Chemist: 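Just dropping this structure here.
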Amino acid sequence: MRYEFRLCGPVPENAAEVFPELEVATLGEQTVFHGAVVDEALLFGLLARFCMLGLLVTEMRQAPSSMG
């Protein structure tokens, strides 16, 4: 499954590097992390890392998988 995590404001580059399994993009006033989340353990691990870094996730959703 693919997930998308939206955060308010810019995220420092060194903080973004803590998420090598996710791609990151800035969209206006938001920073969006997205990528494959293979299981619930990884999902909770990602959320714990956001929290540990003091990054507030304002929206989290399952994104449509790209069909190839």
Side-chain angles (χ1 to χ4, degrees):
M1 287 186 258
R2 294 187 59 78
Y3 274 83
E4 181 178 277
F5 305 89
R6 291 184 176 258
L7 291 78
C8 188
V11 172
E13 188 175 327
N14 61 342
E17 292 172 355
V18 176
F19 301 92
E21 62 274 85
L22 299 177
E23 295 179 42
V24 63
T26 302
L27 298 174
E29 297 293 316
Q30 293 184 326
T31 301
V32 180
F33 288 85
H34 57 94
V37 177
V38 295
D39 59 20
E40 196 172 81
L42 178 57
L43 177 61
F44 287 121
L46 291 168
L47 292 172
R49 277 188 266 166
F50 285 122
C51 184
M52 178 185 71
L53 293 168
L55 302 172
L56 178 62
V57 176
T58 57
E59 182 181 350
M60 177 186 85
R61 65 181 173 154
Q62 189 175 344
S65 296
S66 58
M67 300 180 94

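The shown structure was predicted, so the numbers you read here are calculated from the model rather than taken from an experiment.
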Chemist: Under 3.5 Å, side chain of Thr31 to main-chain N/O of Gly9, donor-acceptor pair present?
Modeler: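 Present.
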
Chemist: Just jot down the side-chain contact (heavy atoms from CB on, under 4.5 Å) partners of Met60, sequence neighbours excluded, or say none.
Modeler: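 side-chain contact (heavy atoms from CB on, under 4.5 Å) check on Met60 returns Tyr3, Phe5, Leu43, Leu47, Val57.
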
Chemist: Treating Ile, Leu, Val, Met, Phe, Trp and Tyr as nodes and any side-chain heavy-atom pair under 4.5 angstrom as an edge, say whether Leu53 and Phe44 lie in one connected cluster.
Modeler: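 Yes, Leu53 and Phe44 fall within the same hydrophobic cluster.
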
Chemist: Between Phe50 and Val11, does the side-chain contact (heavy atoms from CB on, under 4.5 Å) criterion hold? Intermediate values first, please.
Modeler: CA-CA 11 Å; Phe50 285 122; Val11 172; over 6 Å; no

Chemist: For the CD atom of Gln62 and the CZ atom of Arg2, what is their distance to the nearest 0.5 Å?
Modeler: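 If we round to the nearest 0.5 Å, Gln62:CD and Arg2:CZ are 11.0 Å apart.
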
Chemist: Could you identify which residues cluster with Leu56, counting Ile, Leu, Val, Met, Phe, Trp and Tyr as linked when any side-chain heavy atoms lie under 4.5 Å apart, either directly or through a chain of such contacts?
Modeler: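 Same cluster as Leu56: nobody, lone residue.
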
Chemist: Please list, chain by chain and in numerical order, all residues satisfying salt bridge (charged side-chain N to carboxylate O under 4.0 Å, His left out) with Glu4, sequence neighbours excluded.
Modeler: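 Once residues adjacent in sequence are excluded, the partners of Glu4 under the salt bridge (charged side-chain N to carboxylate O under 4.0 Å, His left out) criterion are Arg6, Arg61.
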
Chemist: Going through the checks in order, is the side-chain contact (heavy atoms from CB on, under 4.5 Å) test met by Thr58 and Leu7?
Modeler: CA-CA 5 Å; Thr58 57; Leu7 291 78; 5.6 Å; no

Chemist: Start with the C-alpha distance between Leu22 and Leu46, add both sets of side-chain angles, then the distance that settles side-chain contact (heavy atoms from CB on, under 4.5 Å), and finish with yes or no.
Modeler: CA-CA 10 Å; Leu22 299 177; Leu46 291 168; 3.9 Å; yes

Chemist: Please list, chain by chain and in numerical order, all residues satisfying side-chain hydrogen bond (donor to acceptor under 3.5 Å, both in side chains) with Glu21, sequence neighbours excluded.
Modeler: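 Residues passing side-chain hydrogen bond (donor to acceptor under 3.5 Å, both in side chains) with Glu21: Arg49.
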
Chemist: Please name the pair of heavy atoms, one in Leu42 and one in Ala36, separated by the smallest distance, quoted to 0.1 Å.
Modeler: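 It is CD2-O, 4.0 Å.
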
Chemist: Name all pairs fulfilling the salt bridge (Lys or Arg N to Asp or Glu O under 4.0 Å) condition that reach into residues 22-48, sequence neighbours left out, sorted by first residue then second.
Modeler: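 Qualifying pairs: none.
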
Chemist: Looking at every heavy atom in both Leu55 and Ala15, which two are closest together, and how far apart are they?
Modeler: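 Reported closest heavy-atom pair: CD1-CB, 4.4 Å.
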
